[in-house]
Amino acid sequence: AISFVAGLLLPYLLAAITRIHAVDNGTYMVLVPFVMAFMSDTFAYFVGCAIGKHKLAPNISPNKTIEGMVGGVLGATVGMVAYGLVMQFVFGFTVNYIFAVIYGILGSVASVFGDLVFSAIKRQTCIKDYGKFIPGHGGVLDRFDSMVMVAPLAELLLLVLPLAVK
């Protein structure tokens with residue numbers, strides 16, 4: 001039953017990317033969840049490696065640190081503000097930068113949560129990696145585990161707090 005629900009739920013959550021693309025100006029907004037998740041993951045990794053000392057959830061993901069998470073929040077926030085600048089100066093949108101900051105903060109928290117959820121699943125099922133397609137990583141799903149939470153959040157935020165209007 002759990003596998004059946006997961007088999008339906010995961011594609012539905014990831015389909016938020018398609019739903020974002022389908023709305024007005026979706027071509028421009030479809031990158032929002034990617035900016036939030038990938039900037040968070042990237043900055044969290046580098047800050048955590050550089051100065052991470054305090055473990056965030058050692059039983060679930062022993063390499064994640066509080067410092068890395070803070071770096072991820074800052075990275076996602078900077079990424080969203082930079083994306084807002086591109087939207088404004090390249091594509092002529094009016095951007096709400098307060099909303100961009102909110103997107104960055106909430107997106108980063110959702111990214112960490114998604115990553116921890118999938119790490120917990122891997123621990124419970126004794127799976128080391130989801131695949132070997134990307135050597136040195138936990139598989140393709142490891143690159144997108146945070147996106148499972150971030151994409152639906154981005155869809156909701158874009159509906160409730162529009163980032164940019166033309």
Inset, instruction - Go through the steps for F99 and L157 under the test side chain to side chain contact (heavy atoms under 4.5 Å, CB included), then give the verdict. - result: CA-CA 9 Å; F99 290 173; L157 288 173; over 6 Å; no
Rounded to the nearest 0.5 Å, what separates atom [atom1] in [X] from atom [atom2] in [Y]?
X: S108; Y: M39; atom1: OG; atom2: CE; value: 10.5 Å
X: S111; Y: L153; atom1: OG; atom2: CG; value: 10.5 Å
X: L85; Y: M80; atom1: CG; atom2: CE; value: 11.0 Å

Inset, instruction - Only pairs at least two apart or in different chains count here, so list each salt bridge (charged side-chain N to carboxylate O under 4.0 Å, His left out) that has a residue in residues 5-17. - result: none
Legend entry - Residue pairs involving residues 80-99 (criterion salt bridge (charged side-chain N to carboxylate O under 4.0 Å, His left out); sequence neighbours excluded): none
Legend entry - Neighbour count >12 (heavy atoms, 6.0 Å) for atom CG, L8: yes
With hydrophobic residues grouped by side-chain heavy-atom distances under 4.5 Å, do [X] and [Y] end up in a single group?
X: I98; Y: V78; value: no
X: M87; Y: Y97; value: yes
X: I102; Y: V109; value: no
X: L106; Y: V35; value: yes
X: M36; Y: L156; value: yes

Inset, instruction - For residues L158 and V23, determine if any side-chain heavy atom of one lies less than 4.5 Å from a side-chain heavy atom of the other. - result: no
Legend entry - Short side-chain donor-acceptor distance under 3.5 Å, D115 and S61: no
Which atom pair, heavy atoms only, marks the closest approach of [X] to [Y]?
X: I17; Y: A151; answer: CG1-CB, 3.8 Å
X: I20; Y: P33; answer: CD1-CG, 4.0 Å
X: K166; Y: G92; answer: CG-O, 4.2 Å
X: V32; Y: A154; answer: CG1-CB, 4.3 Å
X: G107; Y: V150; answer: O-CG2, 3.5 Å
X: L31; Y: Y83; answer: CB-OH, 3.6 Å

Inset, instruction - Please test V117 against D145 for side chain to side chain contact (heavy atoms under 4.5 Å, CB included), starting from the C-alpha separation and ending with a verdict. - result: CA-CA 8 Å; V117 165; D145 53 6; over 6 Å; no
Inset, instruction - Take F34 and M147, measure what side chain to side chain contact (heavy atoms under 4.5 Å, CB included) needs, and give me the verdict at the end. - result: CA-CA 7 Å; F34 293 96; M147 189 63 70; 3.5 Å; yes
Legend entry - Full working for side chain to side chain contact (heavy atoms under 4.5 Å, CB included) between Q88 and T94: CA-CA 6 Å; Q88 181 177 352; T94 301; over 6 Å; no
Legend entry - Set of salt bridge (Lys or Arg N to Asp or Glu O under 4.0 Å) partners for E155, sequence neighbours left out: R19
Please tabulate, for the side chains in residues 42-56, all donor-acceptor contacts under 3.5 angstrom to protein atoms that are two or more places apart in sequence or on a different chain.
from: T42; atom 1: OG1; to: F38; atom 2: O; distance (Å): 2.7
from: H54; atom 1: ND1; to: E67; atom 2: OE2; distance (Å): 2.4
from: K55; atom 1: NZ; to: P62; atom 2: O; distance (Å): 3.0

Inset, instruction - Look only at the side chain of T77 and the backbone of V73, and say whether a donor-acceptor pair between them is shorter than 3.5 Å. - result: yes
Inset, instruction - Just jot down the ring-ring contact (aromatic ring centres under 6.0 Å, His included) partners of Y28, sequence neighbours excluded, or say none. - result: F91, F93
Inset, instruction - Applying ring-ring contact (aromatic ring centres under 6.0 Å, His included), name anything that partners Y12, two or more places apart in sequence or on another chain. - result: none
